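Okay, structure first, notes after.
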Amino acid sequence: MASADEWRQTACILCECNCGLEVQLGGPGGGHIEKIRGDRAHPASQGYACEKAHRIDHYQNGPDRVTAPLRRRGDGTFEEIDWETAIREVAAGLMRVRDAAGPETIFYFGGGGQGNHLPGGYAAGTMRALGAVYRSNALAQEKTGEFWVNGRMLGAPVRGDFEHAEVALFVGKNPYQSHGMPRARVTLKEIARDPARTLIVIDPRRSETAELADIHLQVKPGRDAWLLAALVGVLVQEDLLAHPWLAEHATGTAEIAAAFRAIPVARYCEIAGVAEDLVRRTARRLAAATSVAVAEDLGIQMNRHSTLNSYLEKLVWMLTGNFGKPGAQYVPAMLVNLTSSAPDGVAGAKPARTSPVVGARIISGLVPCNVIPDEILTEHPKRYRAMVVESGNPAHSLADSRRMREALGALELLVVIDVAMTETARLAHYVLPAPSQYEKYEATFFNFDFPANAFHLRRPLFPAPPGTLPEAEIHARLVEALGFVTEADLAPLRAAASEGRAAFAQAFFAALAANPKLERVLPIVLYRTLGPTLAGGAAAAAPLWGICQLFALHHGDSLRRAGYTGENPGEQLFDAILANPSGVVFAVDEYDASWRRVRTPEGKLQLVIPELLAELAALGLDEPPASAEFPLVLSAGERRSWTANTIFRDPRWRKKDADGALRVSAADALRLGLRDGGRARLTTKRGSVETVVEVSAMMQPGHVSLPNGLGCTYPDEAGRLRRPGVPPNELTASEDRDAIAGTPWHKHVAARLEAIE
Ligand code: SF4
């Protein structure tokens, strides 16, 4: 156990930045995180951390941990069972469904959240051992529209270099609260302070980032497509395009110019609710800048026309020549690409797939979250009949909670692997408890930085409670119970591993050649064979060995520039990852490396996406019709200082805004007879809830906003289940989704509001 004043390195797990932290442990039994500070040695965050990190002990010591495998009884209550029984029965149940209805009827959801991606690799092994082919996770209700656009336009994921950008443009994004880039607040303030740089924000709210901005385009909620189309229209119509650059680097410029020459800029600005003059000034500033970095986020991605919005956002920086140079867009070197944005028709791209019942487009391997109930609640022979949910909580976090609960309840088998008794776990047939993210080796593959990119393998701070098993062990036992790997497969590799890494590598590749089925469960093979030889109990990190070898193969230059110049740089990187508790830089790039990662047939940016140009043409000249019954637009899931993702289940972490108030404009409050701190009834076509009201200068008339992360159940001191705040998905509907990506319209839910006396 660490001494009380020893600082130990770990990371915050509350958003994709995973800022490095140093912590001191203490409290009863040394089981608490007592002191927290940013870790200056962390290569990405460099000592930065926002206020949320200081509350992570509420996650570690949350009140509803599961510490023994649970089996649901016929009456809906749970009984504890031993691990042997749990693994045997879960494996038997999955095989029963597979054999009766086919492996494609087993569906996997989750695989990691903001701080834990290692389990996803292990789970992929279990699913491949079963032959299961359909999966999803939260990315498929947020990011898949953008992934699809990236795939079509450049065949690679793309990010913005805000640290060096002359102009920063945020579209439907409030990085002051949602972060999404290292040291977000520091970078925003640097841009805002510098008179030579310009911060531009497109957001219907006067967000914290909009407050800092030089230009705030306060669009009407849900009208981003008109605004972005007008912005691109001005670029084209005022001939502000980077013509020589486009001639060299892009295809389809003439077709795009023809499409946007027809855009009625003045009318579109009117529909968007933004002054035409401001839109024109913004376009000119973007075109004149030496570099523009752009980021979009949930404000447009979970909104009407979400995939079209992503397309228009990318046209802004492509048409102004902002790719592959300092301060512009780049393609990072990644250890693991979570997005697989491969364009159609490119070598290595998988053929397009659809979901078995609804025929929804599968993007980056993910079934749209909003169609999951439709894939279950049907008599279709290929409906999902069994589901494994891991580090995910679809009963709370996906649209239309009522329908999702009905769907989960209709499954023949629901297995949940999680730390806490979530809303989804309460519906499961089996709950398999995992250690918290601070009780095991853990990491994420949210490594998107450039020109230097970093990876952090976190070490456990606490021993795991007896009765839990790390996901690596759970999946290894499941795959063994399925009979997919045997001791005869593993023993020679284990023997080779005991002789050293070189002997292991030789035996490993020979075993794969002789027995190709092992490839399907590679993480588990590595965990069982190389894993036990890793010092400090780091067995679960064994798959990183294979990942490092592959990275060396595909990104040797980036690795060498990062200092891995030995005979076997992949091994060197793996050792460095194991040895550095604050993380390591694994890639250093030159700016033109981004061009080499563009995977379109000609190696150029493809400006034309016919499906989205058709949607653009259909936007029309009329205001979208208003509803008399539901005249307000509700944004569900606003990021605030006191909101976080739903792994933070203990509401006591919030010092303020305990109920997650509904933000309402002063004009609406006056009109509806609402007062700050008063209560109101919020109703949508799917549900009705009571909420506390906050009259906020952030909101424009007609627009109301609920925070994310509220409405989780937790047991109070007396063991009674409480649910503070509004669970937003009691109000959303699964059919309200984007036509291309299936992403939900959480930021555009038609609603009405009435004061409660
Ligand atoms: S919530 Fe704050 S401290 Fe935590 S990872 Fe995100 S930016 Fe860093």
Side-chain angles (χ1 to χ4, degrees), residues 7-24 33-60 62 112-117 138-139 142-143 159-160 162-163 168 170 173-191 207-209 212 295 297-298 338 391 397 436-438 442-449 453-459 461 581-583 637-651 653-657 660 707-710 712:
W7 287 100
R8 303 179 61 177
Q9 292 77 22
T10 184
C12 176
I13 53 171
L14 297 174
C15 87
E16 69 161 62
C17 294
N18 297 124
C19 298
L21 302 178
E22 289 192 297
V23 299
Q24 284 184 3
I33 299 170
E34 294 267 289
K35 288 188 184 166
I36 296 169
R37 67 185 185 195
D39 180 3
R40 289 177 187 276
H42 191 277
S45 56
Q46 301 168 32
Y48 175 91
C50 79
E51 70 279 6
K52 293 179 193 181
H54 294 271
R55 312 291 287 165
I56 54 173
D57 192 55
H58 287 273
Y59 160 76
Q60 172 57 26
Q114 301 285 14
N116 59 324
H117 290 172
L139 289 172
E142 298 176 348
K143 301 288 174 189
R159 308 281 282 199
F162 292 95
E163 206 183 328
F170 295 104
K173 180 169 181 64
N174 177 18
Y176 195 91
Q177 293 296 10
S178 66
H179 310 285
M181 58 187 187
R183 306 165 67 246
R185 292 176 186 175
V186 174
T187 302
L188 289 175
K189 286 174 185 167
E190 279 172 4
I191 300 170
S207 66
E208 290 86 346
T209 309
L212 288 171
D297 211 340
L298 306 188
L338 298 174
S391 297
S397 302
S436 83
Q437 295 188 41
Y438 295 116
E442 198 45 279
T444 75
F445 298 105
F446 288 143
N447 320 118
F448 304 123
D449 297 343
N453 204 356
F455 178 79
H456 186 192
L457 176 67
R458 311 190 309 262
R459 300 172 180 187
L461 298 174
S582 294
E638 182 186 358
R639 270 55 178 171
R640 301 179 184 170
S641 283
W642 298 102
T643 68
N645 61 65
T646 56
I647 61 167
F648 228 167
R649 301 182 64 80
D650 179 356
W653 82 271
R654 292 186 191 92
K655 284 185 178 169
K656 296 179 186 164
D657 195 19
N708 74 315
L710 273 289
C712 291

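Note that ligands are numbered from 1 as they come in the structure, with each ligand's atoms numbered from 1 the same way. Both backbone and side-chain heavy atoms feed into the values below; hydrogens, waters and symmetry mates do not. All figures in this text were calculated on a predicted structure; none of them were measured in a lab.
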What are the protein N/O/S atoms, named by residue and atom, that sit under 2.8 Å from atom 4 (Fe) of ligand 1? C12 SG

Check against side-chain contact (heavy atoms from CB on, under 4.5 Å), Y59 and Y438: CA-CA 10 Å; Y59 160 76; Y438 295 116; 3.8 Å; yes

Begin with the C-alpha distance, continue with both residues' side-chain angles, and end with the deciding distance and a verdict on side-chain contact (heavy atoms from CB on, under 4.5 Å) for L188 and M181. CA-CA 10 Å; L188 289 175; M181 58 187 187; 4.2 Å; yes

With heavy-atom distances below 4.5 Å as the criterion, would you say the side chains of E51 and S641 are in contact? yes

Let me see the working for F170 and Y176 under ring pair (Phe, Tyr, Trp, His ring centres under 6.0 Å), right down to the final yes or no. CA-CA 11 Å; F170 295 104; Y176 195 91; over 10 Å; no

Decide, yes or no, whether a salt bridge links R458 with E442 under the criterion of side-chain N to carboxylate O below 4.0 Å. no

Identified side chain to side chain donor-acceptor pair (under 3.5 Å) partner of Q177 from the options R185, R639, K52: R185

